[in-house]
Enquirer: 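Before I ask anything, let me first share the structure, which is written out below as C-alpha cells.
Just so we're on the same page: letters track the sequence lines, and every chain starts at 1.
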Protein chains: 2
Amino acid sequence: MTGGKPETGKTGSAAGASRRATLKDVARAVGVHVSTVSRALNPATRHLITEEIATRVLEVSRELNYRPNPAAYSLRTNRSHTIGIVVPDITNSIFPPMIRGVEDVLAPHGYAALVVNTDLNREREAAAISTLSARGVDAMVVASAEREDAELSALAKQGTPVVTINRRTDDASVSSVISDEIEGVRLMLAHLVELGHRRIATIAGNQNLSTGQRRYDAFLRNTLAMGLHIGPEQVGFANAFNEAEGRRCMEELLARGSGSTAVLCANDRLAIGAISALRGRGLSCPGDVSVTGFNDMAMVDCIDPPLTTIRIPHYGIGQAAAQFLLQRLNETDGGPAPLHQVLPVELIVRASTAAPRKGSAEGPSGDPAVSHMRIVR
Amino acid sequence: MTGGKPETGKTGSAAGASRRATLKDVARAVGVHVSTVSRALNPATRHLITEEIATRVLEVSRELNYRPNPAAYSLRTNRSHTIGIVVPDITNSIFPPMIRGVEDVLAPHGYAALVVNTDLNREREAAAISTLSARGVDAMVVASAEREDAELSALAKQGTPVVTINRRTDDASVSSVISDEIEGVRLMLAHLVELGHRRIATIAGNQNLSTGQRRYDAFLRNTLAMGLHIGPEQVGFANAFNEAEGRRCMEELLARGSGSTAVLCANDRLAIGAISALRGRGLSCPGDVSVTGFNDMAMVDCIDPPLTTIRIPHYGIGQAAAQFLLQRLNETDGGPAPLHQVLPVELIVRASTAAPRKGSAEGPSGDPAVSHMRIVR
DNA sequence: CGATTTAATGCAATCGATTGCACGTTGATG
DNA sequence: CATCAACGTGCAATCGATTGCATTAAATCG
C-alpha cells in the first residue's frame with residue numbers, strides 16, 4: 001500500500017524475502033561505482049561528490065531502502081557502534097533507570113547496548129567483560145565494579161573506553177560516575193540528629209564495594225564530627241545489599257542491645273529488611289526505631305512505612321556515563337586523564353523517621369517493646 | 001614465548017596494544033592454512049582434520065587467546081548471534097525479570113541481547129524494530145506488541161524469527177508467550193466472591209493491548225458465569241497501565257457511586273493508583289474497598305496494604321520465549337506454524353482484600369466513609 | 001592554445017572469517 | 001603394479017563495506 005516497488009522484481013524475488021539492498025545495488029541503480037555511493041552516503045566525505053550525484057544517490061538508496069551492513073562496516077572499520085553494559089542484576093530496580101540513561105543518550109548517536117548480568121559473581125563478571133570485548137563493543141559501562149577489580153583495570157589499561165557507574169574501583173585510572181554518598185550520609189545524619197536522635201546505629205554494606213565503603217566511612221566521619229559516639233555494638237555489616245541481610249543485621253543489632261533509636265542503612269533494600277526484622281520483634285518503625293535507606297529506588301514511597309532515604313540520580317548517572325563515553329569515542333588520540341564524576345543527591349524525608357520516644361536512649365525504658373534497645377554497657 | 005612471530009614485526013606493535021590474534025596468526029603459528037584452522041576450530045567440521053593437527057590448533061589458539069572476529073563471521077554467514085529485545089520501558093519492573101529469562105537461556109548458546117525501549121510509542125516501536133533488523137539481529141523478542149501491529153506482522157511475514165511476550169498481536173501468525181490471564185481473572189473473582197463480595201467493579205486496561213482486552217473480557221465472562229451483574233457504572237477504562245490512570249479511574253468509579261465493595265484492577269500499578277485514590281477520599285483498603293492487582297510485580301508485597309494479586313511467571317515467560325527462538329534458529333527450513341504458549345498463573349492473597357463490610361452492598365450504610373459507594377439506581 | 005592544477009570518480013586492496021572445489025597422498029584393490 | 005577411493009589440506013572466492021591511489025575530465029594559468 002505504500003506505493004513504490006513495481007513488480008519488475010529486479011532482485012530475484014523468487015522466495016519473496018528479497019535480499020537486502022547493498023551498496024552495489026545502489027551503485028548499479030544510479031550508474032556509478034560503489035565507492036562513489038559510499039562517499040555520497042557518508043556526510044564526512046559527501047563534499048567529494050558532485051552535488052547532483054550525491055542527492056541522486058541519497059534518493060535511490062532511500063527508494064531501495066538501503067541499510068548499511070553493520071558487519072561489513074565493523075569488519076572494515078573496527079567499530080561496532082555497540083557498547084556493553086554490565087550490571088549485577090537487571091532485576092534490581094536501581095539499575096534499569098541507569099541503563100535507560102545510557103541508552104537514551106547513546107541511541108541518537110547510533111549506538112545500541114548489549115546488557116549482561118553478573119549476579120555479583122567475580123567469574124561471571126570476568127566472563128561478561130571478556131564476552132563483550134570479544135564481541136567488539138566500542139566501550140563499556142560497568143555497574144558491577146568491585147573495589148579491587150583486575151579485569152576492569154586491565155580493560156582500561158588496554159585502551160577500551162570504560163566507565164563505572166554507581167560504584168568505583170580503587171584504581172583511579174578507571175573513570176567513574178557516582179553519586180555524592182558522603183553528602184548523602186551527612187544529610188541523613190543531620191536529619192536524624194535534628195529529629196532528636198543521639199544513638200544512631202548503621203547497617204553498613206559490603207566493604208569490598210565502593211558504595212559500602214564510602215557510605216560507612218561517611219557515617220563514621222560525620223557521626224564523629226557531630227559529636228556522636230559510635231560503639232562497635234552499633235554497626236552491623238551486611239554481606240550483600242539485600243533484604244535478607246538487612247533482616248539479619250537488624251536482628252544482630254537488636255540482640256546486642258545497642259540502645260539505638262535510629263538505624264541508617266547503606267541502601268533501601270537493607271532498610272526494608274531491617275524494618276521487617278523490627279516488626280518480627282514486635283517493634284514499630286518509626287515508633288520505636290527510625291530506619292533510613294539510600295538510593296530511593298522505585299516503590300519505596302509506597303511501602304509501609306514510606307521510606308526516608310537519599311535520592312541518587314539514577315537516570316542522570318547513566319546519562320553522564322554515556323556522555324563521557326561518547327566524548328571518548330570521538331577522540332582520536334588515546335584520550336586524556338580518567339574522569340571521576342560525583343553527582344548530587346537529595347534527602348527525601350518520608351515516614352520511616354520520626355523523633356525518638358522520650359527517654360528511649362537514656363536507659364531501660366518501661367516500654368517492653370523497646371527494652372531490646374537499651375544501653376548495654 | 002609462544003614460538004612463532006619472529007621480530008620482523010610485521011604488525012607494527014608500536015603502541016603496545018598488540019592486535020588481536022586472527023585465524024591467520026594461528027595458522028602461521030601451527031604451520032597450516034587458515035582454512036584448516038577454521039575447520040579444526042569448528043566442532044561441526046573438526047572431523048575433517050587429523051586428530052593431531054586439530055588438537056594442536058586448539059592449543060595454539062588458546063595460547064594466542066584467539067577470539068573469532070564476530071564481524072567477519074557475521075559478514076560471511078549472515079548470522080550475528082545477537083537477538084533484539086523490545087520493551088516499552090525497562091524501568092517498569094515487570095520487564096527486567098522477563099529480560100533475564102531471555103538472556104539466561106540465550107547466553108549459554110552464544111547469543112547476546114540488544115535491549116531497546118519504545119515508551120509505548122508507535123513510532124518508536126517501528127523505529128526500534130527497524131533499527132534492530134538493520135543491525136541484523138537473528139531474532140526478536142517483543143514485549144511492546146499492540147493488538148494491531150503492522151510492523152510485527154511484516155517482520156514475521158518476512159521470515160525473521162520473532163515472538164511477543166506478555167502481550168499478543170491479533171495476528172495469529174506472530175508467535176507469543178503470555179500468561180493465563182483468563183484463569184487469573186477467574187481465580188481472583190472466585191477469591192473475591194468467596195470473601196463475600198457481590199458488587200465487584202473493575203479498572204480495565206488499554207483495550208488496544210491484548211492484556212487489557214483479555215483481562216477485561218475474562219472479567220465480563222466470569223462475572224456473568226458466576227451470576228454477578230455488572231453495570232457500566234462498575235467499569236473504568238484506563239488509558240495506560242500506570243498509577244495515575246488507576247487513580248483517575250478509581251475516582252471516576254467513586255464519583256459514579258457504583259456501590260462496589262471490591263475493585264479488580266487490570267494490573268498492579270493501576271491497583272496502587274486505585275488505593276491511593278481511596279485514601280484520598282478517606283476510604284480504607286481493604287476496610288471499605290478491596291483492591292486487587294495483576295502481575296505481582298516486585299515490591300507489591302511490601303506496599304501498604306500488601307497487594308492481593310495474580311502472579312505471572314515473569315522469568316518463565318522470558319525463558320520460554322528464548323527457548324522457542326533457539327529452536328527456530330536451528331531450523332533450516334522456514335519453520336513450522338507459529339506457536340502460542342500460555343503459562344500458568346497463581347493467586348497470591350495478601351492484605352488488600354478482605355470480606356466486605358456487613359451490608360455495605362445492600363444500600364446506603366450508616367458509615368459515611370462508604371456512602372460514596374452506595375448503589376445508585 | 002598548450003601546460004598544469006584541481007575536482008570528481010573509478011580501481012582495487014583490505015578487514016577476518018567460511019566453504020566449494022581442486023589437488024596430492026595414502027592405502028586398498030584387481 | 002597400475003587404478004581408484006578416501007582422506008586431509010590448500011586455494012581462492014566471497015560476504016559488504018571503506019579508503020589510498022590512479023585516472024580522467026574540467027578548469028585555470030601563462
Enquirer: DNA chain C: Ala71(B) or Gly31(A), which has the more 5' nearest nucleotide?
Expert: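 Its nearest nucleotide being more 5', the pick is Gly31(A).
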Enquirer: Mind checking Leu23(A) for me? I need base, sugar-phosphate or nothing, with any heavy atom below 4.0 Å counting as a touch.
Expert: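 Base, at least one base heavy atom under 4.0 Å.
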Enquirer: Would you mind reading off the distance between Leu48(B) atom CG and dC23(C) atom P, rounded to a whole angstrom?
Expert: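 Leu48(B) atom CG is separated from dC23(C) atom P by 19 Å.
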Enquirer: Can you sort out the partners of Ala112(B) under side-chain contact (heavy atoms from CB on, under 4.5 Å), two or more places apart, ordered by chain and number?
Expert: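 With neighbours one apart ignored, the set is Leu114(A), Arg135(A).
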Enquirer: Return the value, rounded to whole Å, for the distance between atom CG of Leu75(B) and atom P of dC15(C).
Expert: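 Those two atoms, CG and P, are 14 Å apart.
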Enquirer: Listed by chain and number, what are the salt bridge (charged side-chain N to carboxylate O under 4.0 Å, His left out) partners of Glu151(B), not counting sequence neighbours?
Expert: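 If we apply the salt bridge (charged side-chain N to carboxylate O under 4.0 Å, His left out) test to Glu151(B), skipping adjacent residues, there are no hits.
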Enquirer: Show me the donor-acceptor pairs within less than 3.5 Å that the side chains of residues 51-62 of chain B make with the rest of the protein, sequence neighbours left out.
Expert:
unit_1   : atom_1 : unit_2   : atom_2 : d
Thr55(B) : OG1    : Glu52(B) : O      : 2.8
Ser61(B) : OG     : Val57(B) : O      : 3.1
Ser61(B) : OG     : Leu58(B) : O      : 2.9

Enquirer: I'd like a table of donor-acceptor pairs (distance under 3.5 Å, sequence neighbours excluded) in which one partner is a side-chain atom from residues 66-74 of chain B, with atom names and distances.
Expert:
unit_1   : atom_1 : unit_2    : atom_2 : d
Arg67(B) : NH2    : Ser130(A) : OG     : 2.4
Asn69(B) : OD1    : Ala71(B)  : N      : 2.8
Asn69(B) : OD1    : Ala72(B)  : N      : 3.1

Enquirer: For residues 101-143 of chain A, pull every pair meeting ring pair (Phe, Tyr, Trp, His ring centres under 6.0 Å), keeping only residues two or more places apart or in separate chains.
Expert: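 Residue pairs with at least one partner in residues 101-143 of chain A: His81(A)-Tyr111(A).
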Enquirer: What is the distance, rounded to the nearest whole Å, between atom CG of Asp25(A) and atom C1' of dA17(D)?
Expert: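 From Asp25(A) CG to dA17(D) C1': 13 Å.
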Enquirer: Under the side-chain contact (heavy atoms from CB on, under 4.5 Å) test, which residues partner His33(B), sequence neighbours left out?
Expert: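 Testing His33(B) for side-chain contact (heavy atoms from CB on, under 4.5 Å), a comparison that skips the adjacent residues, returns Ser35(B), Thr36(B).
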Enquirer: Could you tell me the separation between the OH atom of Tyr73(B) and the C1' atom of dA17(D), rounded to a whole number of Å?
Expert: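 My rounded result for the distance is 20 Å.
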Enquirer: So which one's nearest nucleotide on DNA chain D is more toward 5', Ser38(A) or Ala72(B)?
Expert: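 The residue closer to the strand's 5' end, by nearest nucleotide, is Ala72(B).
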Enquirer: Grab the two heavy atoms, one from Val86(A) and one from Ser144(A), that are nearest each other, plus how far apart they are.
Expert: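 Reported closest heavy-atom pair: CG1-OG, 3.4 Å.
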Enquirer: Between dT9(D), dA8(C), dA12(D), which nucleotide has the shortest distance from any of its atoms to the side chain of His33(B)?
Expert: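 For the His33(B) side chain, the nearest candidate turns out to be dA12(D).
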Enquirer: Salt bridge (charged side-chain N to carboxylate O under 4.0 Å, His left out) with Asp104(B): which residues, sequence neighbours excluded?
Expert: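 If we apply the salt bridge (charged side-chain N to carboxylate O under 4.0 Å, His left out) test to Asp104(B), skipping adjacent residues, the hits are Arg100(B).
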Enquirer: Does anything in residues 132-140 of chain A come within less than 4.0 Å of DNA chain D? Heavy atoms only, and list the residues if so.
Expert: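 Here the set is empty: none.
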Enquirer: Let me know the distance between CZ of Arg67(B) and P of dC15(C), rounded to the nearest Å.
Expert: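 Going from CZ in Arg67(B) over to P in dC15(C) covers 22 Å.
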Enquirer: Applying salt bridge (Lys or Arg N to Asp or Glu O under 4.0 Å) to Arg20(A) and Asp25(A), what does each step give before you reach the verdict?
Expert: CA-CA 9 Å; Arg20(A) 235 164 90 150; Asp25(A) 297 322; over 6 Å; no
Enquirer: Who pairs with Arg122(A) by salt bridge (charged side-chain N to carboxylate O under 4.0 Å, His left out), at least two apart in sequence or on another chain?
Expert: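 Per chain and number, Arg122(A) pairs via salt bridge (charged side-chain N to carboxylate O under 4.0 Å, His left out) with Glu146(A).
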Enquirer: If you pin Thr50(B) and Asn78(B) to their nearest nucleotides in DNA chain D, which one's is more 5'?
Expert: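 Final value for this comparison: Thr50(B).
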Enquirer: Between P on dA17(C) and CG on Asn42(B), what's the gap in Å once rounded to a whole number?
Expert: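 Atom CG in Asn42(B) sits about 13 Å away from atom P in dA17(C).
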Enquirer: Among residues 52-62 of chain B, which contact DNA chain C at a heavy-atom distance under 4.0 Å?
Expert: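 Within this stretch, nothing sits under 4.0 Å of the strand.
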Enquirer: Who pairs with Ala156(B) by side-chain contact (heavy atoms from CB on, under 4.5 Å), at least two apart in sequence or on another chain?
Expert: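 So Ala156(B) forms a side-chain contact (heavy atoms from CB on, under 4.5 Å) with Val162(B), Val174(B).
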Enquirer: Given dA17(C), is OP1 or OP2 found less than 4.0 Å from the side-chain N or O atoms of Tyr66(B)?
Expert: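 Answer is yes, contact under 4.0 Å.
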Enquirer: Distance check needed: dT9(C) P versus Glu51(A) CD, whole Å only.
Expert: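 To the nearest whole Å, that distance equals 11 Å.
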Enquirer: CG of Asn69(A) versus C1' of dG16(C): gap in Å, rounded?
Expert: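 Rounding to the nearest Å, CG of Asn69(A) and C1' of dG16(C) are 14 Å apart.
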Enquirer: Here's a test for you: under side-chain contact (heavy atoms from CB on, under 4.5 Å), which of Ile85(B), Leu326(B), Thr82(B) qualifies with Leu106(B)?
Expert: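 The side-chain contact (heavy atoms from CB on, under 4.5 Å) with Leu106(B) is passed solely by Leu326(B) among Ile85(B), Leu326(B), Thr82(B).
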Enquirer: Mind listing the N/O atom pairs, protein and nucleotides 20-24 of chain D, below 3.5 Å?
Expert:
unit_1  : atom_1 : unit_2   : atom_2 : d
dG20(D) : O6     : Arg39(A) : NH2    : 2.6

